[in-house]
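Read the numbers this way: they start at 1 and go in the same order the structure lists the ligands and their atoms. What you see below is based on every heavy atom in this structure, not just the backbone, and it leaves out hydrogens, waters and symmetry mates. The chain is numbered in sequence order, starting from 1.
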Amino acid sequence: MKKIQRLACLSACAALIIWGASACKKETATQAAKPEITQAKGNVHMDIKKEAFGNLPDGTPVEIYTLTNQNGLKARLMTYGAILVSLELPDRNGKLDDCVLGYDRLEGYVKNNPYFGAIVGRYGNRIAKGQFKLSGALYKLAVNNGENHLHGGIKGFDKVVWTAAPVKKANAVGVKFIYLSKDGEEGYPGNLNCAITYTLTNDNELEIGYEATTDKPTPVNLTHHSYFNFTGARRDILSHELMLNADRYTPVDKGLIPTGGLASVKGTPMDFTTPMPIGSRIAQVEGGYDHNYVLNGGGGTMALAARVVEPDSGRVMEISTTEPGIQFYSGNFLDGTINGKSGKVYQKHFGFCLETQHFPDSPNKPNFPSTILNPGQTYKSLTVHKFSAK
Ligand code: GLA
């Protein structure tokens, strides 16, 4: 209840600052005069541009939106998978680089996408054996990861075409994506109406707001799956320094299903409570990092989850979220077989993901925070990525 009230308050505040296009222009002009928020080279105007991005093999057109804030940061988002295609961020000298992995063209995403930049759902992460019981009934989901269900199944939210509309606020531009996941899709019960709003603010934040409603009880656990690389994907991410605001994590079995317990990170290579280079102890973690951390913030209200610093460029990302967990994945399955943007070969550990979420396999773990959404309730979740350079 507390979580829902807090989030309702956040969206009410957001609604208050929607002034429409003309007010938006006025605000841009006023704020452009303030030197402290002009971080990138030059001084540009907030903008939203919509273009065609190609067609799916069945002919469905896909559109791409380019959001630009007044500091020159750019985020490109497409209707296929509600994918963040590129994210240009300034380094300490104001030089912009694209800091997420992906492809130049739609075809790449359609042929082989290990969730680059995508919205993941209906359930981000794994559900053991692809099944769970709810209100006495056994539901069987698509099994697509060994014997388990991963990231929403065979055709998850990362592979569907969303309906998009631009969002203009006084101090930000965004895109709202809408998708109706039908009753029975990938085995899930209930028609689930989802809305994801990405917002790029003039304070250099990329916000991702999630909302969903259902007509039958169903598990919901939505997340975003960008692979970040703050060198501009010039080399692997092992020298990025990571802080995770988490004293515990959910230990897993061989199939990466949580055992149900919570383990302390203290004295182990899992400990990122003080900033550490990602690569400093990775050799001691079998397979690399692919674990859900239990955030100290506890979920329900906005709290700092992670901070990443790339020492050479000075780029910094801080993630705050209302979610109780975050999956830290160190790009272990990248193996040099993907040629990404500009033909770049994505080797092992070329990107890392920080997926804010509820814990894996929650529908089968009664002691984990519940992921069940009931009719009449609204699922709400907010994650903010704040970018800077030092
Ligand atoms: C998540 C999972 C990983 C992997 C990646 C994508 O982070 O936890 O095991 O599936 O997505 O490859």
Counting heavy atoms only, name the option from L334, N125, L150 that's nearest to atom 10 (O) of ligand 1. L150
Nearest option to atom 9 (O) of ligand 1, as decided by whichever heavy atom of N292, D290, L354 sits closest: D290
Enumerated ligand 1 atoms positioned under 4.0 Å from heavy atoms of Y115: 6 (C)
List every atom of ligand 1 that sits less than 4.0 Å from any heavy atom of E355, numbering the atoms from 1 in the order shown and giving each element.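 So the atoms of ligand 1 that pass are 1 (C), 7 (O).
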Any ring-ring contact (aromatic ring centres under 6.0 Å, His included) involving residues 261-289? Give me the pairs, sequence neighbours left out, ordered by first then second residue. F272-Y289, F272-F328, Y289-F328
How close does the nearest protein non-hydrogen atom get to atom 6 (C) of ligand 1, and which residue and atom is it? Y227 OH, 3.6 Å
If you scan protein heavy atoms around atom 1 (C) of ligand 1, the nearest is H151 NE2, 3.1 Å
Specify side chain, backbone, both or neither for F352, according to which of its non-hydrogen atoms lie closer than 4.0 Å to ligand 1.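 Near ligand 1, F352 shows nothing, with every heavy atom at 4.0 Å or more.
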Donor on one side chain, acceptor on other, D335 and Q347, under 3.5 Å: no
Is it the case that T383 and T356 place a side-chain donor and acceptor less than 3.5 Å from each other? yes
Residue pairs, two or more places apart or on separate chains, that pass side-chain hydrogen bond (donor to acceptor under 3.5 Å, both in side chains) and touch residues 111-121: none
Below 4.0 angstrom, N of the basic side chain to O of the carboxylate: do D361 and K365 qualify?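 Salt bridge flag = yes for K365 with D361.
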Parallel, tilted or perpendicular: which one describes the rings of H225 and H151, with boundaries at 30° and 60°?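 It falls in the perpendicular class, over 60°.
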